[in-house]
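First the structure, in the form of structure tokens, and then the observations on it.
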Amino acid sequence: MVDDDELFSSHRTKEDMDINGELVPPDGLCWISVFSCLLLACSYVGSLYVWRSDLPRDHPTVIKRRFTSVLIVSALSPAFVWTWKEFTGVRPTPSLLALMGIRFEGLIPAVILPLLLTMVLFLGPLTQLAMDCPWSFLDGLRVALDPWFWSLCASDMRWLRNQVVAPLTEELVFRACMLPMLVPCAGPALAVITCPLFFGVAHFHHVIELLRFRQGTISGIFLSAVFQFSYTAVFGAYTAFIFIRTGHLIGPVMCHSFCNYMGFPAVSAALDHPHRATVLACYLLGVGLFFLLLFPLTEPAYYSPPTPVCTLAPRLTSLCSS
């Protein structure tokens, strides 16, 4: 029977290993990886501005044009990983698609468990939403099962951007493509922290549009940008954690779409809610349960371990092991 360490290191050649059996990164790997991630992030953000327009970002014409450019960049993003792999000489056993989290092993748990974990974190906002919703549960269920409702959503450019295109393309570019390039250099834990920085900085482009259309004071715009950077960096670390633990792209995409729908928790509204004690208790319970279930619900054993991206790590860590 093959143990975890043997399975984990089976893809490495003797030339890749030191006397302790650990992976020796090629010279300059970290610089090449960081530069590749930076180039990929700039390509994604830059694609949003190839279209010259005086219209705001939420205008349907602008959204459609940006769909075209980000989908092209996203379709080409695996080429960055392939080029990085060929240039550095890193030779992983898993296929390129598997490294990027596109695989069938453990797919059903990857769809359900990370989304369930994220919903637990949002227990307070979900409770608040349920209390304030004028519909009954059966009314909401009928709407959710109505094809006409989903056809209306699909015709809404903002809904498509927030719930489909942005989660899919951003997770593909900023998680599925960047993490395989960062893990061999930084290791899984540091990659979880480093990868979201590219994601957070990429969202600073919103400042340009806010300043361009004078949507607020300069100080207010930059305070908003700092807050957004912090929030997106924390969220990016969470989805990077999910990607490494599960080895699937679908989990981060589902969580991203759900968080875009929920938005940042309206804590101030919760403090003024008629049932404030119940809502706040659900907020605290959700956060507590989230940290309690964070590792159990992302247990790699559910997702056919070792996850492909973990096979690139210099050594087996707690993030990659059961």
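All figures in this text were calculated on a predicted structure; none of them were measured in a lab.
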- Item | Steps toward side chain to side chain contact (heavy atoms under 4.5 Å, CB included) verdict (Val70, Glu170) | CA-CA 9 Å; Val70 298; Glu170 289 180 2; over 6 Å; no
- Task: Decide yes or no on side chain to side chain contact (heavy atoms under 4.5 Å, CB included) for Ser47 and Ile72, but give the supporting numbers first.
- Result: CA-CA 9 Å; Ser47 71; Ile72 291 173; over 6 Å; no
- Message: For a ring-ring contact (aromatic ring centres under 6.0 Å, His included) check, start with the C-alpha distance between Phe295 and Phe241, then their side-chain angles and the critical distance, and finish with the verdict.
- Response: CA-CA 10 Å; Phe295 277 86; Phe241 174 88; 5.3 Å; yes
- Task: Report the C-alpha distance between Thr118 and Tyr238 in whole Å, list the side-chain angles of each, state the deciding distance to 0.1 Å, and finish with yes or no for side chain to side chain donor-acceptor pair (under 3.5 Å).
- Result: CA-CA 10 Å; Thr118 308; Tyr238 171 55; 2.8 Å; yes
- Query: How far apart are the C-alpha atoms of Leu141 and Leu145, what are their side-chain angles, what is the distance that settles it, and do they pass the side chain to side chain contact (heavy atoms under 4.5 Å, CB included) test?
  - Reply: CA-CA 6 Å; Leu141 188 61; Leu145 296 176; 4.2 Å; yes
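In this structure a side-chain-to-backbone donor-acceptor pair under 3.5 Å is present from Ser33 to Met181. The main-chain N or O of Trp148 is found under 3.5 Å from a side-chain atom of Ser151 such that the two form a donor-acceptor pair. A donor-acceptor pair is defined here as one N or O able to donate and one able to accept, closer than 3.5 Å; no such pair exists between the side chain of Thr307 and the backbone of Gly247. No side-chain donor-acceptor contact under 3.5 Å links Ser257 to the backbone of Pro167. The backbone N or O of Lys85 sits less than 3.5 Å from a side-chain atom of Arg91, completing a donor-acceptor pair. In this structure a side-chain-to-backbone donor-acceptor pair under 3.5 Å is present from His248 to Glu105. At least one donor-acceptor pair under 3.5 Å links the side chain of Asn162 to the backbone N or O of Arg158.
Summarising the geometry, atom CH2 belonging to Trp150 is positioned 5.5 Å from atom SG belonging to Cys153; distances are rounded to the nearest 0.5 Å. Of the inter-residue distances, the one linking Lys64 atom NZ with Leu160 atom CG reads 10.0 Å to the nearest 0.5 angstrom. Considering CG of Leu280 and CG of Leu271, their distance stands at 5.5 Å, rounded to 0.5 Å. From Phe243, atom CZ reaches atom CE of Met100 across 8.0 Å, with rounding to the nearest 0.5 Å. Between the CZ atom in Phe258 and the CZ atom in Phe122 there is a gap of 6.0 Å [rounded to 0.5 Å]. Note that CG of Leu107 is 11.5 Å distant from OG of Ser304, once rounded to the nearest 0.5 Å.
Taken as a pair, Cys320 and Cys310 meet the criterion of an SG-SG distance shorter than 2.5 angstrom.
In the hydrophobic cluster analysis, where Ile, Leu, Val, Met, Phe, Trp and Tyr join through side-chain heavy atoms closer than 4.5 angstrom, Val279 is grouped apart from Leu129. Linking ILVMFWY side-chain heavy atoms closer than 4.5 Å, directly or via other members, places Phe80 and Phe35 in a single hydrophobic cluster. There is a path of hydrophobic side-chain contacts, each under 4.5 Å, that joins Val165 to Phe174. Under the 4.5 Å side-chain heavy-atom criterion for grouping Ile, Leu, Val, Met, Phe, Trp and Tyr, Trp31 is not connected to Val90 through any hydrophobic cluster. At a threshold of 4.5 Å between side-chain heavy atoms, the hydrophobic network of Ile, Leu, Val, Met, Phe, Trp and Tyr places Tyr283 and Leu289 in two separate groups.
Taking each heavy atom of Ser77 and Leu40 in turn, the nearest pair found is CB-CD1, 3.9 Å. Nearest heavy-atom pair across Arg245 and Leu319 is CD-O, 2.9 Å. For Leu123 against Thr127, the heavy-atom pair with the smallest separation is O-OG1, 2.7 Å. In terms of heavy atoms, Pro180 sits closest to Val81 at CB-CG1, 4.5 Å. Closest of all the heavy-atom pairs between Thr311 and Pro94 is OG1-CG, 3.5 Å. When every heavy atom of Trp84 is checked against every heavy atom of Pro184, the shortest pair comes out as CH2-CG, 3.7 Å.
Using a 4.5 Å heavy-atom threshold, the side chains of Leu126 and Met262 count as touching.
Across Thr68, Thr61, Val62, Ile63, a single residue satisfies side-chain contact (heavy atoms from CB on, under 4.5 Å) together with Arg65, and that is Thr61.
The side-chain contact (heavy atoms from CB on, under 4.5 Å) search around Ala269 returns Gln128, Ala266, not counting sequence neighbours.
Heavy-atom neighbours of Tyr261 OH from other residues, nucleotides or ligands within 6.0 Å: at or below the threshold of 12. Atom CZ of Phe264 is surrounded by more than 12 heavy atoms from other residues, nucleotides or ligands within 6.0 Å. A 6.0 Å sphere centred on CE of Met157 holds more than 12 heavy atoms belonging to other residues, nucleotides or ligands. Under a cut-off of 6.0 angstrom, the local environment of CG in Leu152 is crowded, with over 12 non-hydrogen atoms contributed by other residues, nucleotides or ligands.
Taking the ring axis of Tyr303 as reference, the NZ or CZ atom of Arg103 does not stay both within 45° of it and closer than 6.0 Å to the ring centre.
Aromatic pair Phe198/Tyr44: ring centres not closer than 6.0 Å.
In the hydrophobic clustering, Val234 connects to no other residue, as no ILVMFWY side-chain heavy atoms lie under 4.5 Å from its own.
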